[in-house]
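Along the sequence shown, residues carry numbers from 1. Because only heavy atoms are used, hydrogens play no part in the values below, and waters and symmetry mates are left out as well, while side chains stay in.
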Amino acid sequence: MKIAIIGAGNVGGGLATAATKAGHDVVLSAGDAAAARTTADAAGAAAATSNVEAVQGADLVVLAVPNGAVAGIVTELGDALNGKTVVDVTNPLTDDYSGLTTSGVSAAELLQQQVPSASVVKAFNTIFAARHSNPTEGGQPLDAFIAADDDVAKQAVSTLAESLGYRVIDAGGLRMARSLEEMAFLNISLNATNGWAWQSGWKLVGPTAGA
């Protein structure tokens with residue numbers, strides 16, 4: 001699978017490293033081309049000179065940037081996102097991390113409104129960057145919760161998550177991204193408040209097989 005990751009921070013670097021190790025063709029870009037090159041080299045991925053170059057020919061476009069940067073990147077990419085599966089891993093946190101900037105709607109839903117000719121999938125936002133290379137706890141895979149309205153796009157992202165070692169939980173349509181963003185906020189708040197090691201993840205337990 002050819003994956004374009006936009007963002008050279010901890011999340012972008014973590015996903016690039018894990019996806020490359022899983023055998024995917026990964027290209028990474030960022031506003032700072034030098035940072036993109038450094039992160040890509042460390043991950044074993046390729047670096048693009050621009051975001052537009054990165055998404056060309058990509059099966060999946062992963063937005064691994066602060067949520068506040070999404071609108072500008074979408075504007076920059078324009079028609080290059082048409083027909084693409086866009087993976088939104090962002091969380092709309094306030095500047096002081098005291099809450100979310102959204103109310104009654106998810107950042108992923110707002111992104112879908114911005115890119116009506118693309119298919120937005122909410123995924124990987126409930127998972128800390130450090131866990132992508134080690135998505136297990138107690139011998140069990142951590143859960144990757146995925147929400148989207150496009151079943152084909154959701155399946156593509158599910159395949160990626162499984163290749164990284166996660167157990168996929170189909171959270172439903174994109175409306176459920178509201179819950180996933182709140183789950184992420186709770187995990188972030190717990191770690192920040194309690195001084196935890198930023199390694200905690202979500203695991204749904206109990207019978208999950210159909211009757």
Under 4.5 Å between any side-chain heavy atoms of [X] and [Y], yes or no?
X: Leu93; Y: Leu100; result: yes
X: Leu77; Y: Ile6; result: yes
X: Lys203; Y: Pro141; result: yes
X: Glu137; Y: Gln199; result: no

Between [X] and [Y], what is the shortest heavy-atom contact and its length?
X: Ala4; Y: Ala58; value: CB-CB, 3.8 Å
X: Ala43; Y: Thr17; value: CB-OG1, 3.3 Å
X: Val89; Y: Ala64; value: CG2-CA, 3.6 Å
X: Ala40; Y: Ala47; value: CB-CB, 3.8 Å
X: Pro116; Y: Gln113; value: CD-O, 3.5 Å
X: Tyr166; Y: Ala144; value: CB-CB, 3.8 Å

Can you check whether [Y]'s main-chain N or O pairs, donor with acceptor, with [X]'s side chain at less than 3.5 Å?
X: Thr126; Y: Leu180; result: no
X: Arg167; Y: Leu204; result: yes
X: Thr39; Y: Ala8; result: yes
X: Glu76; Y: Ala71; result: no
X: Glu181; Y: Ala107; result: yes
X: Lys122; Y: Thr90; result: yes
X: Lys154; Y: Asp149; result: no
X: Arg175; Y: Val105; result: no

- Item | N-O pairing of Lys2 and Asp59 below 4.0 Å |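 Salt bridge: no.
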- Query: Does the pair Ser200 and Asn191 meet the rule for a side-chain hydrogen bond (donor to acceptor under 3.5 Å, both in side chains), with working shown?
  - Reply: CA-CA 8 Å; Ser200 54; Asn191 278 266; 2.9 Å; yes
Do the side chains of [X] and [Y] join up, straight or via other hydrophobic residues, at under 4.5 Å, putting them in one cluster?
X: Val11; Y: Val87; result: yes
X: Leu160; Y: Leu28; result: yes
X: Val74; Y: Val86; result: yes
X: Val61; Y: Val26; result: no
X: Leu186; Y: Ile188; result: no

- Message: With side-chain contact (heavy atoms from CB on, under 4.5 Å) as the criterion, how do Ile169 and Trp202 come out once you've worked through the C-alpha distance, each side chain's angles and the decisive distance to 0.1 Å?
- Response: CA-CA 11 Å; Ile169 301 294; Trp202 296 104; over 6 Å; no
I need the [X] [atom1] to [Y] [atom2] distance, nearest 0.5 Å.
X: Ser119; Y: Asp151; atom1: OG; atom2: CG; result: 10.0 Å
X: Leu164; Y: Thr159; atom1: CG; atom2: OG1; result: 11.0 Å
X: Gln112; Y: Leu174; atom1: CD; atom2: CG; result: 6.0 Å
X: Asn134; Y: His132; atom1: CG; atom2: NE2; result: 12.0 Å
X: Asn125; Y: Glu182; atom1: CG; atom2: CD; result: 11.0 Å
X: Asp150; Y: Thr85; atom1: CG; atom2: OG1; result: 6.5 Å

- Task: Please report the C-alpha distance between Glu109 and Ser106 in whole Å, then the side-chain angles of each, then the deciding distance to 0.1 Å, and finally whether the side-chain hydrogen bond (donor to acceptor under 3.5 Å, both in side chains) criterion is met.
- Result: CA-CA 5 Å; Glu109 290 170 291; Ser106 66; 3.0 Å; yes
- Message: How about CG on Asp95, more than 12 heavy atoms from neighbouring residues, nucleotides or ligands closer than 6.0 Å, or not?
- Response: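 12 or below, so no.
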- Flag yes if more than 12 heavy atoms outside Asn10 fall under 6.0 Å of its CG atom; otherwise flag no.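 Result for CG/Asn10: open.
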- Would Ser158 and Glu162 count as a side-chain hydrogen bond (donor to acceptor under 3.5 Å, both in side chains) if you check the C-alpha gap in whole Å, the side-chain angles of each, and the deciding distance to 0.1 Å? CA-CA 6 Å; Ser158 296; Glu162 288 171 346; 6.0 Å; no
